Amino acid sequence: MVKVQKAASRYWLMKTEPHTFSYDDLHARPGHITPWDGVRNYQVRNMLRDQVKLGDLVFIYHSSCPEPGIVGIGRVVREGYPDLSALDKKSPYYDEKAAKKGLSPWICVDVQARGRFAQTIALKDLRQEAPLSDMELLRRGSRLSVQPVQPEAWRHILSLGDLKAEA
DNA sequence: GCCAACGTTGGC
DNA sequence: GCCAACGTTGGC
């Protein structure tokens, strides 16, 4: 009998600009689900395609706002599939080069809101946490809009917040 | 394939 | 609005 070992769930952090799409906007969607589309960076595209799996958990992070930080948790409810917003002329994520080929090279996943923290876990507070010193998010010049989170970091951050489960 | 110019991200 | 970091583009 061959033992098939299920890969451990992974943890991620996904950034969004709340003035465009906030955690609460996600929660307001039917089923609390939205396609996480508009990623236009190859490194991130490859992660969405190859590494982000059904059931993985995600910190939802607000950037470019008065208090940047982690606001809630989501779950991957659909694995990577073509991001067709690249072909949609009316989309803010329209990609002319892709549209000319009629084929989107970009990938999205579906994310479902799972819980909100009572207070934002602010970036400035995360920076004070020694156990998080290796986090991608805290690296100088870190710009990846989707990034892996180590299980220890995930647990540590959970211990910093007051999570209200929602879904 | 090098690399300068340019564009974008995102905290501050 | 500034600017550091980094990705992309395009001339050569």
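Just so you know, these numbers come straight off a predicted model, no measurement behind them. Proteins get letters first, then strands, A, B, ... in listed order; numbering begins at 1 in each.
- Atom CD of A:E67 is separated from atom C1' of B:dG11 by 13 Å (rounded to the nearest Å).
- Relative to the side chain of A:N41, the nucleotides C:dG7, B:dC12, B:dG10 differ in distance, and C:dG7 lies closest.
- Applying the 4.0 Å criterion to OP1 and OP2 of C:dC6, one finds that A:R139 has a side-chain N or O inside that range.
- Note on A:Y61: a side-chain N or O is less than 4.0 Å away from OP1 or OP2 of B:dG11.
- Computed from coordinates, the A:E17 CD to B:dT8 C1' distance equals 11 Å when rounded to whole Å.
- Side chains of A:D88 and A:S85: no donor on one and acceptor on the other come within 3.5 Å.
- What separates OH of A:Y42 from C1' of C:dT9 is a distance of 12 Å, to the nearest Å.
- Put simply, A:K124 has no side-chain N or O that comes within less than 4.0 Å of OP1 or OP2 on B:dG11.
- Among the atoms of the strands shown, none is found under 4.0 Å from any heavy atom of A:R40.
- With rounding to the nearest 0.5 Å, the separation of OG1 in A:T16 from CH2 in A:W36 is 4.5 Å.
- Closest non-hydrogen pair, A:W12 versus A:M47, comes out as CZ3-SD, 3.6 Å.
- Atom P of nucleotide C:dG7 and atom CE of A:M47 are separated by 12 Å, given to the nearest angstrom.
- Here the nucleotide nearest the side chain of A:K97, chosen from C:dT9, C:dT8, B:dG11, is C:dT9.
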Using atom names, set out every protein N or O paired with an N or O of nucleotides 1-4 of chain C below 3.5 Å, distance rounded to 0.1 Å.
residue, atom, partner, partner atom, Å
C:dA4, O3', A:R140, NH2, 2.8

For residues 137-150 of chain A, dump all side-chain donor-acceptor pairs below 3.5 Å to protein atoms at least two apart in sequence or in another chain.
residue, atom, partner, partner atom, Å
A:R139, NH1, A:E136, OE1, 2.7
A:R139, NH1, A:E136, OE2, 3.0
A:S142, OG, A:E136, O, 3.0
A:S142, OG, A:E136, OE2, 3.4
A:Q147, OE1, A:L137, N, 2.7
A:Q147, NE2, A:L144, O, 3.0

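- Between A:D125 atom CG and B:dG11 atom C1' there is a gap of 15 Å when expressed in whole angstrom units.
- For the pair A:K15 and B:dG10, the criterion of a side-chain N or O lying under 4.0 Å from OP1 or OP2 is met.
- Scanning all heavy atoms of the two residues, the minimum distance from A:N41 to A:W106 falls at N-CZ3, 3.5 Å.
- C:dT9 atom P lies 12 Å from atom CD of A:E96, rounded to whole Å.
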If you look only at distance, which donor and acceptor atoms sit under 3.5 Å apart when one is on a side chain in residues 57-81 of chain A and the other is two or more places apart or in another chain?
residue, atom, partner, partner atom, Å
A:H62, NE2, A:Y23, N, 3.0
A:E79, OE2, A:L54, N, 2.9
A:Y81, OH, A:D110, OD1, 2.5

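- Rounded to an integer number of Å, the gap from A:D95 CG to B:dG7 P is 17 Å.
- Residues A:Q112 and A:G31 approach most closely at NE2-O, 3.0 Å, considering heavy atoms.
- Look at CG on A:L123: it is 18 Å from P on B:dT9, rounded to the nearest Å.
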